[in-house]
Protein chains: 2
Amino acid sequence: MSKSQLTLTPVETAACCSPLLREPLSTDQAERVAPLLKALADPVRLRLVSIVAASEGGEACVCDLNDAFDLSQPTISHHLKVLHDAGLLDRTKRGVWVYYAVRREVLADVAALIGGGV
Amino acid sequence: MSKSQLTLTPVETAACCSPLLREPLSTDQAERVAPLLKALADPVRLRLVSIVAASEGGEACVCDLNDAFDLSQPTISHHLKVLHDAGLLDRTKRGVWVYYAVRREVLADVAALIGGGV
DNA sequence: GATCAATATTGACAGATGTCGATGTCTGGT
DNA sequence: ACCAGACATCGACATCTGTCAATATTGATC
């Protein structure tokens with residue numbers, strides 16, 4: 001399953017304007033989208049995503065991420081887990097290191113839903 | 001101040017890709033964006049925004065919004081306050097009724113920052 | 001296989017968040 | 001003036017969240 005979890009219908013994705021602004025979201029839809037936004041809705045996690053995305057090869061290892069913050073290693077690990085569980089980051093283990101990469105399609109879907117083509 | 005609070009630089013807004021994915025967000029930027037996402041990151045508030053946006057004239061009065069949920073009136077009032085405080089909803093009092101309207105530019109800015117032109 | 005370095009997991013704790021019932025504050029009509 | 005209705009605020013509560021120190025796990029190396 002490499003596509004996003006938002007499961008927009010073709011009509012929704014093709015429409016000119018964001019679904020959010022065009023018609024009332026169903027309770028189900030809202031409950032599927034909210035966790036993604038919740039995962040993003042933290043300064044540390046926003047920076048994590050952006051640092052990972054801007055890294056060489058589109059991925060970054062945890063050791064580098066730890067150095068970018070004034071937070072404990074477990075805390076960074078926790079935030080990465082939240083982002084990964086939400087489906088926003090991919091996780092790859094290579095040797096002792098773990099690399100995270102941004103799932104851009106998911107982010108794009110969220111963006112499309114929020115502000116699509118306003 | 002009718003523009004969004006994200007205060008993207010011209011370079012950022014003009015770029016092809018979302019700032020979030022192009023370069024590491026500064027701590028300051030992250031702390032300005034996170035509250036907006038936080039305000040959106042709730043199923044009830046997502047539905048509130050979408051119901052308001054999809055309403056006649058782009059605005060809805062609280063009485064209608066109350067009816068759309070199985071929640072107490074104070075709870076809806078609370079969520080509307082969160083959205084309004086975040087700058088996502090405009091508030092207008094007409095007579096006894098209060099009308100909320102979506103600030104689409106703000107939503108568009110958030111969307112552009114998150115998934116811009118990916 | 002003992003050790004070390006990189007991540008993850010656990011447990012604990014303070015503070016934030018969603019919800020409600022009760023109450024307050026307007027505003028229009030009687 | 002009073003009342004009724006629309007909305008906001010307050011106080012309380014349970015739950016969730018971000019953070020850390022301590023500990024576990026995993027993989028490379030000697």
Side-chain angles (χ1 to χ4, degrees), chain A residues 25 27 30-52 55-56 59-101, chain B residues 25 27 30-52 55 57 59-101:
Chain A
L25 239 53
T27 303
E31 279 169 358
R32 276 201 307 275
V33 180
L36 287 176
L37 290 169
K38 212 166 220 178
L40 274 180
D42 179 278
V44 173
R45 291 197 288 267
L46 274 176
R47 287 191 64 212
L48 277 171
V49 167
S50 95
I51 292 174
V52 168
S55 295
E56 293 285 323
E59 58 177 17
C61 92
V62 180
C63 52
D64 293 333
L65 298 173
N66 277 327
D67 295 346
F69 295 84
D70 226 17
L71 294 168
S72 71
Q73 173 264 318
T75 296
I76 298 299
S77 190
H78 162 69
H79 285 304
L80 289 169
K81 179 178 167 52
V82 170
L83 289 167
H84 178 247
D85 287 351
L88 289 165
L89 290 187
D90 266 338
R91 201 162 155 266
T92 314
K93 188 159 190 176
R94 282 206 292 277
V96 186
W97 295 277
V98 173
Y99 291 83
Y100 285 91
Chain B
L25 240 54
T27 303
E31 278 169 0
R32 276 201 307 275
V33 179
L36 288 176
L37 290 169
K38 213 166 218 178
L40 274 180
D42 178 280
V44 174
R45 293 198 287 267
L46 274 176
R47 288 191 64 213
L48 278 171
V49 167
S50 96
I51 291 175
V52 168
S55 295
E59 59 176 17
C61 91
V62 180
C63 51
D64 293 333
L65 297 173
N66 278 327
D67 295 345
F69 295 84
D70 226 18
L71 295 170
S72 72
Q73 174 263 318
T75 296
I76 298 299
S77 190
H78 162 70
H79 285 304
L80 289 170
K81 177 177 167 53
V82 170
L83 288 167
H84 177 247
D85 287 352
L88 289 165
L89 291 186
D90 265 339
R91 201 160 157 266
T92 315
K93 187 160 189 174
R94 281 206 293 277
V96 187
W97 294 279
V98 173
Y99 292 81
Y100 285 90

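Note that these values count all heavy atoms, side chains included, but never hydrogens, waters or copies made by symmetry. Labels below follow one simple rule: chain letters A, B, ... track the order of the sequence lines, proteins then strands, and each chain is numbered from 1.
- Residue Ser77(A) is the one, among Ser77(A) and His78(B), whose nearest nucleotide of DNA chain C lies closer to the 5' end (criterion: closest heavy atom).
- Each of Leu80(B) and Ser72(A) was matched to the nucleotide of DNA chain D holding its nearest heavy atom; the match closer to the 5' end belongs to Leu80(B).
- Whole-Å rounding puts the Tyr99(B) OH to dA8(D) P distance at 13 Å.
- Within the nucleic acid shown, His79(B) comes within 4.0 Å of sugar-phosphate atoms alone, with no base atom in reach, counting heavy atoms only.
- Within the 4.0 Å cut-off from OP1 or OP2 of dG18(C), not a single side-chain nitrogen or oxygen of Thr75(B) is found.
- Nearest-nucleotide positions on DNA chain D for Lys81(B) and Val82(A) put Lys81(B) closer to the 5' end.
- When rounded to the nearest whole Å, the span between CG of Asp67(A) and P of dT7(C) equals 10 Å.
- Asn66(B) comes within contact range of no nucleotide atom at all, as no heavy-atom separation falls under 4.0 Å.
- Residue contacts for Ile76(A): at a heavy-atom cut-off of 4.0 Å it reaches no nucleic acid atom on any strand shown.
- Residue Arg91(A) is in sugar-phosphate contact alone, with no base atom involved, counting any heavy-atom pair closer than 4.0 Å across all strands shown.
- With distances taken from any side-chain atom of Val96(A) to the nucleotides dG18(D), dA6(C), dT7(C), the minimum falls on dA6(C).
- Rounded to whole Å, the distance from CG on Leu71(B) to C1' on dT17(C) is 14 Å.
- Rounded to whole Å, the distance from CG on Asp85(A) to C1' on dT9(C) is 13 Å.
- For Tyr100(B), the side-chain atoms get nearest to dA8(D) when compared with the rest of dC20(D), dA8(D), dG27(D).
- Residue Arg94(B) is classed as having no contact, given no heavy-atom separation below 4.0 Å to the nucleic acid.
- Side-chain atoms of Gln73(B) and base atoms of dA6(D) include no donor and acceptor less than 3.5 Å apart.
- Here dA16(C) presents its P atom at 14 Å from CG of Asp42(A), a figure rounded to the nearest Å.
- Note: CH2 (Trp97(B)) to C1' (dG5(D)) measures 9 Å, nearest angstrom.
- Under the 3.5 Å distance criterion, with hydrogens and angles disregarded, no donor-acceptor pair is assigned to the side chains of His84(B) and Arg91(B).
- The pair Glu31(B)-Arg47(A) does not count as a salt bridge, with every side-chain nitrogen at least 4.0 angstrom from each carboxylate oxygen.
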